[in-house]
Number of protein chains: 2
Amino acid sequence: MATASFLHCTSQKSSLSSLFRSDLHRRSPSVKCSRPMKMKVTMSVDNRSYWAVMEADIKAHLKQAIPIHPPLSVTEPMDHLIFAAPRSLAPALCIAACELVGGQRNQAIAAASALHLMHAALYTHEHLPLSKPKPKTKPTIYHSFKPNIELLTGDGILPLGLELLARSDEPTIKNSGRILRVIIEITRAVGSQGMLDGLYLENKCSGSDGGDDLCDVGWMAHVGEKKVGEFYACGAACGAILGEGSEEEIEKLRKFGFYVGMIHGMVLFGRDSRYEDKKLLEVVEGFRVLALKELEGFKEKQILETILE
Amino acid sequence: MATASFLHCTSQKSSLSSLFRSDLHRRSPSVKCSRPMKMKVTMSVDNRSYWAVMEADIKAHLKQAIPIHPPLSVTEPMDHLIFAAPRSLAPALCIAACELVGGQRNQAIAAASALHLMHAALYTHEHLPLSKPKPKTKPTIYHSFKPNIELLTGDGILPLGLELLARSDEPTIKNSGRILRVIIEITRAVGSQGMLDGLYLENKCSGSDGGDDLCDVGWMAHVGEKKVGEFYACGAACGAILGEGSEEEIEKLRKFGFYVGMIHGMVLFGRDSRYEDKKLLEVVEGFRVLALKELEGFKEKQILETILE
């Protein structure tokens, strides 16, 4: 389905802008890619392969770890909702950060998959039809299953991600401590001080719980920090932890992930017309400069830089 | 609020029957304790203190780990929903099993708290008002918060439980491997092959997704296995793992927990009138005998036996 979204859009080839279009397309199928972001397009074929192969690896890991098997009434909705969520770059950042500090892809693949599953679970619940109407700002999405199935499936996806991560423990390489640290990172990033705080703040400023007067640019930037920035930061930090990076490397990559997430978040919120296009590009450029600065000193930084092109 | 439930009920003093009444009272405030189970009542004051002190310790641990602090709009619903859930014996079984195999209470307190939080999160979501009516068999409960707040709060409680557990890692005593094993146990017990499977099966046999013809005693017993039996089994096994019990001890206590859970589940379903009282007591007695058998060989088994009186 992700591929289908790409095919519907036009010819931009940079990682972030493609993903933004993919997100938008999924959030509201009726929206067309008629206002592409004016972002620099310089990614080479090789670099695109790096991210594409990584995403394919994560998907393959998830498909293998969570097969569709009887009872299909349970596993089919789970499979659908896991892959129906819009792409998040947090899982890819996790693996890229692991490799950047000298780790192997297989050291971070379970954490990357767990990050995707957290994102998918919360996306499912974010769009659950409750007995009271959703806030006005939420786009309408197509629901393939009844609300109680989507609720239970989301509840099942969340612990499954952490189970996969815990099971990736390899006593022979003594990484239990690092996996526990990553579990703490991820549970905090998605919990009530993280993504859920962002969802709560977003609800509060919109239709059902507050008023449009709350939804100024500063407020929405804060929502973006919680919903996207800190989640991406967590993804990159987890990869660096699992790749056995130094504390300094972990913190630099955490900041890098945060800025990438803020760019992603800002562009999403920009599409809600709270930012003028010009202002939006200025903010994005500011984060891009900050992000590049955090990569200074890493030998193989070129691949991560391409995510900003 | 748990105390209040007890005060509303009459004079039975056994652990299980008291808890059943507490559960029932919470599930449907209008139901009165007018048909108490005819169970043996022999618990001594000292044995009651053991379970009461344990439950107070778990509550104190949760209160200390999850304080009410600004923003109150987030932490007050969380505090309320954590303690509004009906009691489950799985957390208490976790600590009792840990102590039975020679462990200390503080080795299992984080896991016991995590079990309570899983139970609270799923209970919150089980009673969430969705856009389509709940199955006919679900009792109506009072909702203190709007549906979106209850949804988000439940989503926040679940990862918080696993975060607390992961944070209980003590590198000095090298228990990372055991904590990861317990995380796997808990995530499986609550996930789509465990409690959530039970909720799904329960939904399927009732109003919204199926028909009453599905809801025979065998089906509901299977629901009880998934929703309660396996969760209690998990609680006892986790305690034995953290208390450094042998594999044999872990499996014996897992079975013991399962039978205790089945008794609890059977009595709950008995209240839904699918069992005749006499038949119900026969089934309960059968599980009681099996449970007692699993305790054979443990030196300090008397305290655990009291949970069956």
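Reminder, nothing fancy here: chain letters follow the sequence lines and each chain counts from 1.
- A donor-acceptor pair is defined here as one N or O able to donate and one able to accept, closer than 3.5 Å; such a pair exists between the side chain of B:H119 and the backbone of B:P86.
- Contact count versus chain B (heavy atoms, under 4.5 Å) is highest, among A:T153, A:D169, A:T187, for A:T187.
- Of the listed residues (B:T75, B:I186, B:L160, B:I183), the one with the most heavy-atom contacts under 4.5 Å to chain A is B:I183.
- Evaluation of the salt bridge (charged side-chain N to carboxylate O under 4.0 Å, His left out) rule for A:D197 yields no partner, not counting sequence neighbours.
- Interface summary for chain A: among B:G161, B:A166, B:S192, the most heavy-atom pairs under 4.5 angstrom belong to B:A166.
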**OP:** Step by step, work out the side chain to side chain contact (heavy atoms under 4.5 Å, CB included) result for A:L158 and A:L122.
**Re:** CA-CA 8 Å; A:L158 210 149; A:L122 294 194; 4.1 Å; yes
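- Of the listed residues (A:M195, A:Q193, A:R188), the one with the most heavy-atom contacts under 4.5 Å to chain B is A:R188.
- Proximity of A:K226 to A:F231: side-chain heavy atoms (C-beta onward) are nowhere separated by under 4.5 Å.
- Interface residue A:M78: only side-chain heavy atoms are found under 4.5 Å from chain B.
- Interface remark: of the candidates A:S73, A:G156, A:A121, A:G177, A:S73 forms the most heavy-atom pairs closer than 4.5 Å to chain B.
- Here the shortest heavy-atom pairing between B:I58 and B:P91 reads CD1-CB, 3.7 Å.
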